[in-house]
Amino acid sequence: MNIIFFGPPAAGKGTQAKILQDKYGLQQLSTGDMLREEIANATPLGAKMKALMDDGQLVPDSVVVEMIAGRIDSSDCAKGAIFDGFPRTQAQAQALDEMLAERGKKIDRVIELIVDFDALSARVEKRAAEEGRSDDNVTTFKKRLDQYKSYSKEVLPYYRDKDLTQSVDGMADIDDVTAQILAIVSPKAV
Ligand code: ADP
């Protein structure tokens, strides 16, 4: 089973992806986490991407597509993956479809977390205090949200056309959001 979690920054994608990962053995693949790992490991790629990320811009498609391609055949992805923060452009979505098709796989569900944009900045402030992410500040967050508003218009229709999208209320309690997601992805539902 391959699932995409789609939603604005701080919508709870990572939190829910980790819960689903533990429950079903699906592997969370977060391009944001992978990029932050590059930065933490002080790789040349990380150094190049940091400025873009801190400015709230997207990194080039080729960078994230290669990162996903480099992970998808790992044994921990055998049962499937939860894509978190990827794809963010139609080119990424197409590359992902091709990558999966070459392996006889496909995207089974795209779960959109619907959240009130005004509530997000409070979540980001909390996360900034807890995790110290350098892009969790008011200015960058606004840019990331604007980016989301624009790229969601490009990516969601791609999956809506394939009848793959379902939405959940991301403003509910964490457990409640999980329950909504499980109702969508429980094995009998796929
Ligand atoms: P959030 O969803 O909270 O904004 P992420 O951890 O998903 O955060 O992403 C952080 C940053 O990493 C993004 O603002 C962007 O610069 C970069 N990034 C992550 N995934 C992608 C992607 N699929 N395409 C382009 N840029 C990405």
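Every number for a ligand or one of its atoms is a count from 1 in the order of the listing.
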Check: Around atom CD1 of I174, are there more than 12 heavy atoms of other residues, nucleotides or ligands at under 6.0 Å?
Finding: no
Note to self: Between E112 and T165, is there a side-chain donor-acceptor contact under 3.5 Å, judged purely by atom types and distance?
What the structure shows: no
Item checked: Backbone of R160 reached by a side-chain donor or acceptor of D163 within 3.5 Å -> no
Check: Quick one: does N2's side chain have a donor or acceptor within less than 3.5 Å of a partner on G80's backbone?
Finding: no
Could you list each nitrogen or oxygen of ligand 1 that sits under 3.5 Å from a protein nitrogen or oxygen, with the atom names and the distance?
residue, atom, partner, partner atom, Å
ligand 1, 2 (O), K13, NZ, 3.2
ligand 1, 2 (O), R88, NH2, 3.4
ligand 1, 3 (O), R127, NH2, 3.1
ligand 1, 3 (O), R144, NH2, 3.0
ligand 1, 4 (O), R88, NH2, 3.4
ligand 1, 4 (O), R144, NE, 3.2
ligand 1, 4 (O), R144, NH2, 3.1
ligand 1, 6 (O), R36, NH1, 2.9
ligand 1, 6 (O), R36, NH2, 2.9
ligand 1, 7 (O), R88, NH1, 3.1
ligand 1, 7 (O), R88, NH2, 3.3
ligand 1, 8 (O), R133, NH2, 3.2
ligand 1, 16 (O), Q57, O, 2.5
ligand 1, 20 (N), T31, OG1, 2.7
ligand 1, 20 (N), G85, O, 3.4
ligand 1, 20 (N), R88, NH1, 2.9
ligand 1, 23 (N), G85, O, 3.0
ligand 1, 23 (N), Q92, OE1, 2.9
ligand 1, 24 (N), Q92, NE2, 2.9
ligand 1, 26 (N), V59, N, 3.1

Next item on the list: Would you check, one step at a time, whether the test side-chain contact (heavy atoms from CB on, under 4.5 Å) holds for T89 with Y151?
Entry: CA-CA 6 Å; T89 63; Y151 73 66; 5.5 Å; no
Note to self: Testing the basics here: between D108 and L164, what is the closest heavy-atom pair and its distance to 0.1 Å?
What the structure shows: O-CD2, 3.5 Å
